[in-house]
Participant: 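I am attaching a structure below and will ask some questions about it afterwards.
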Amino acid sequence: MENNMITQQELNTLLWNAANSARGIVDASIFKDYSLAMLFYKYLSDMYKAELNELIKQYGDNPARIEMRKKNMRFHIPDGASFDDVFKQISQDNLGEIINKALHAIEEANGDHLKDIFTVDFNSQSILGQVDQRNNMLRNLLRDFAKIDLQDVGKTDLLGNAYMYLLKQFASDAGKKAGEFFTPETVSHLLAKLAMPKTGDRICDPTCGSGSLLLMVGEEVGNDDFSLNGQEKVGSTYNLARMNMFIHHKENAEIKWGDTLNNPLLKDEDGLMKFEVVVANPPFSLDKWGYDNLEDDAYNRFHRGMPPKSKGDYAFISHMVEVAKDKQGRVAVIVPHGVLFRGASEAAIRKAFIEENILDAVIGLPSGLFQTTGIPVAILIFDKSRQQGGVNEARKDILFIDASNEFIQNKTQNELSDEIINKIFTTYKERKEIEKYSHVASYDEVKENEYNLNIPRYVDTFEEEEQVDMKEVAAKIESLEKELEAVKKEMQKHLQNLGL
């Protein structure tokens, strides 16, 4: 396909139709893994074929030169392992086994670069059913993806955008499980802007899901001078993130597989790696987050207090703040509203953050933005440049924004428009006071509220009812009653004239 022969919408539609080959055979939360694995396989095969054809054009008369140049390619597809090679065997009864062997050969040929990236089993009877049903699905999947040539679009942003589109569509189907791998696009866009990444930054998402939020923060930089780092607990989702990075030409991103709280893997010689920007949409109020294992945390992340055993919100927040660089790191995290006002150990942790003078803003968002929950959420922004010695050490206030009433209402999920996102961001960046929308609260004001951050305590959105003049209302009622009496008398006369 030539770049000018297909639009983003056309590519999205083609890929979504191809991805739907697995629908109905496996659960919606599972078929995304098969569809996206097949898309990635087709992408690798087509890109390798395109690069190889370029080498043949340049050095067709010099096979040795071609072999030498092949070593510098982004990745390698072994003989017999390409999508086209497998497609030639589409009528074979052991098709799932053939696909698995090809994918494993690609993993083996590319070392750590693509190690274990294909976690789905295309020959699984327990997931895909008996041979006939399994082969029928796999043949449909192969035929649909065979119609799409990714040699040209794979070099542009089109395919990366399409991958994001597919994740969004799969999230719509997956219901509550969507939260494991996807943050709604408009929420990610807002969070990325609020994170305010800059050239040279190290960016981290410790609960990165499929990596979409991490990529969106990177895009905000405006150039390629930044690094992306993430960790994800769920193995299949971790590989979705790796594929996402690869398709977006960010294969140097460091994505780790593991539990961030119980086994943080983004480390360097000094311990936990530090970042200029840390963003996340962690699981809300996670039960059994590791309390029993982390009372003596080796990294001392919970020195402000131990979060409650049944709610891990402040565990994730504490981790994020600890891995943000001193005097310059920024943290933007999505949280449930309970984080703002719950008592006991959470109140003590909240007080400690405020007294450290690193909490910069609290932003309330509308309900219905997520597939996983209908509750309204908030964004907390921590800014370590407010620490002593940082450029904003003189800032002692906290900005509160109540954006809960501004959204685009859709049938299944609310969204934030660009206008709403820009209003929130501008209000934050300029620390504006807007009546019934935002308020800059002093430390003393927050202290008087006993460090409770519930937004209505600081932003009064109550609309006063119009004053009613009771004397005027009484006079109108009396006038209407007289009119009604006159109408009744007139009607009685008419009835008498008619002999009724």
Side-chain angles (χ1 to χ4, degrees), residues 161 163-197 203-220 228 230 232 237 240-241 244 277-286 313 316-317 320 330-340 360-382 400-429 455:
N161 294 339
Y163 190 89
M164 295 283 208
Y165 169 80
L166 293 182
L167 287 171
K168 180 179 179 181
Q169 295 302 107
F170 284 127
S172 297
D173 281 353
K176 288 191 174 182
K177 291 186 178 180
E180 295 178 0
F181 65 91
F182 188 74
T183 301
E185 186 177 5
T186 58
V187 179
S188 291
H189 185 197
L190 173 60
L191 205 67
K193 289 182 73 69
L194 292 168
M196 297 172 64
I203 302 166
C204 173
D205 182 345
T207 60
C208 70
S210 58
S212 300
L213 171 58
L214 199 52
L215 285 164
M216 200 166 285
V217 177
E219 286 178 13
E220 282 294 314
L228 298 180
E232 170 53 38
T237 306
L240 289 183
N244 205 359
V277 174
V278 188
V279 296
N281 173 25
F284 294 162
S285 303
L286 182 66
D313 300 306
F316 288 106
I317 294 168
M320 294 173 72
R330 293 174 55 76
V331 172
V333 56
I334 300 169
V335 297
H337 272 255
V339 165
L340 307 180
D360 200 46
V362 179
I363 301 170
L365 298 181
S367 59
L369 292 175
F370 292 80
Q371 294 94 342
T372 50
T373 178
I375 64 171
V377 299
I379 294 175
L380 297 182
I381 300 177
F382 296 87
F400 289 84
I401 298 176
D402 186 347
S404 60
N405 295 315
E406 299 187 0
F407 56 90
I408 299 173
Q409 188 170 15
N410 293 326
K411 286 184 179 179
T412 58
Q413 186 180 344
N414 294 331
E415 292 184 352
L416 304 174
S417 66
D418 287 342
E419 183 181 2
I420 293 168
I421 290 170
N422 289 332
K423 179 180 178 181
I424 294 171
F425 176 67
T426 301
T427 303
Y428 168 69
K429 188 176 180 182
I455 298 171

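Values in this document were obtained by computation on a predicted structure and should not be read as measured data.
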Participant: Looking at every non-hydrogen atom in both residues, tell me the closest pair between Phe382 and Leu380 and how far apart they are.
Facilitator: CE1-CB, 3.9 Å
Participant: I would like to know whether Ile334 and Thr183 meet side chain to side chain contact (heavy atoms under 4.5 Å, CB included); could you show each step before the answer?
Facilitator: CA-CA 10 Å; Ile334 300 169; Thr183 301; 4.3 Å; yes
Participant: Taking Ser285's backbone N and O only, do any of them form a donor-acceptor pair with Asp313's side chain (distance below 3.5 Å, no angle check)?
Facilitator: yes
Participant: Do the side chains of Leu167 and Asn244 get nearer than 4.5 Å, heavy atoms only?
Facilitator: yes
Participant: Nearest heavy-atom pair of Glu185 and Lys168: which atoms, and what distance?
Facilitator: OE1-NZ, 3.9 Å
Participant: For the residue pair Asn281 and Val187, establish whether any side-chain heavy-atom pair is separated by less than 4.5 Å.
Facilitator: no
Participant: Should Pro366 and Leu416 count as side-chain neighbours, where that means a heavy-atom distance under 4.5 Å?
Facilitator: yes
Participant: Exactly one of Ile379, Val362, Ile317 should register a side-chain contact (heavy atoms from CB on, under 4.5 Å) with Val335. Which one does?
Facilitator: Ile317
Participant: What closest approach, in Å, do Pro197 and Ile203 show between heavy atoms, and which atom pair accounts for it?
Facilitator: CB-CD1, 4.1 Å
Participant: Quick one: CG on Asn161 to CG on Leu166, what's the gap to the nearest 0.5 Å?
Facilitator: 11.0 Å
Participant: First locate atom CG of Leu191, then atom CD of Glu220, and finally report the distance between them rounded to the nearest 0.5 Å.
Facilitator: 10.5 Å
Participant: When rounded to the nearest 0.5 angstrom, what is the spacing between SG in Cys204 and CG in Leu214?
Facilitator: 7.5 Å
Participant: Atom CG in Leu369, atom CD1 in Ile375: separation rounded to 0.5 Å?
Facilitator: 11.0 Å
Participant: So which heavy atom on Thr186 is nearest to which on Glu415, and how close?
Facilitator: OG1-CA, 4.0 Å
Participant: Apply the test side chain to side chain contact (heavy atoms under 4.5 Å, CB included) to residues Phe316 and Val333: give CA-CA distance (whole Å), side-chain angles for both, the deciding distance (0.1 Å), then the verdict.
Facilitator: CA-CA 9 Å; Phe316 288 106; Val333 56; 5.9 Å; no
Participant: Hey, does His189 have a side-chain heavy atom less than 4.5 Å from the side chain of Asp418?
Facilitator: yes
Participant: Could you grab the distance from atom CE of Met196 to atom CZ of Arg330, nearest 0.5 Å is fine?
Facilitator: 5.0 Å
Participant: Evaluate the side-chain proximity of Glu232 to Asp205: yes if any heavy-atom separation is below 4.5 Å, no if none is.
Facilitator: no
Participant: Side chain to side chain contact (heavy atoms under 4.5 Å, CB included) for Met164 and Leu215? Distances and angles first, verdict last.
Facilitator: CA-CA 10 Å; Met164 295 283 208; Leu215 285 164; 3.8 Å; yes
Participant: Could you tell me which non-hydrogen atom of Leu365 sits nearest to which non-hydrogen atom of Pro376, and how far apart they are?
Facilitator: O-CB, 3.5 Å
Participant: How far apart are the closest heavy atoms of Lys193 and Phe425, and which atoms are they?
Facilitator: O-CE1, 3.2 Å
Participant: As an exercise, state the distance from OG of Ser404 to CD1 of Ile455, rounded to the nearest 0.5 Å.
Facilitator: 7.5 Å
Participant: Hey, are the side chains of Leu194 and Ile363 touching, using non-hydrogen atoms and a 4.5 Å cut-off?
Facilitator: yes
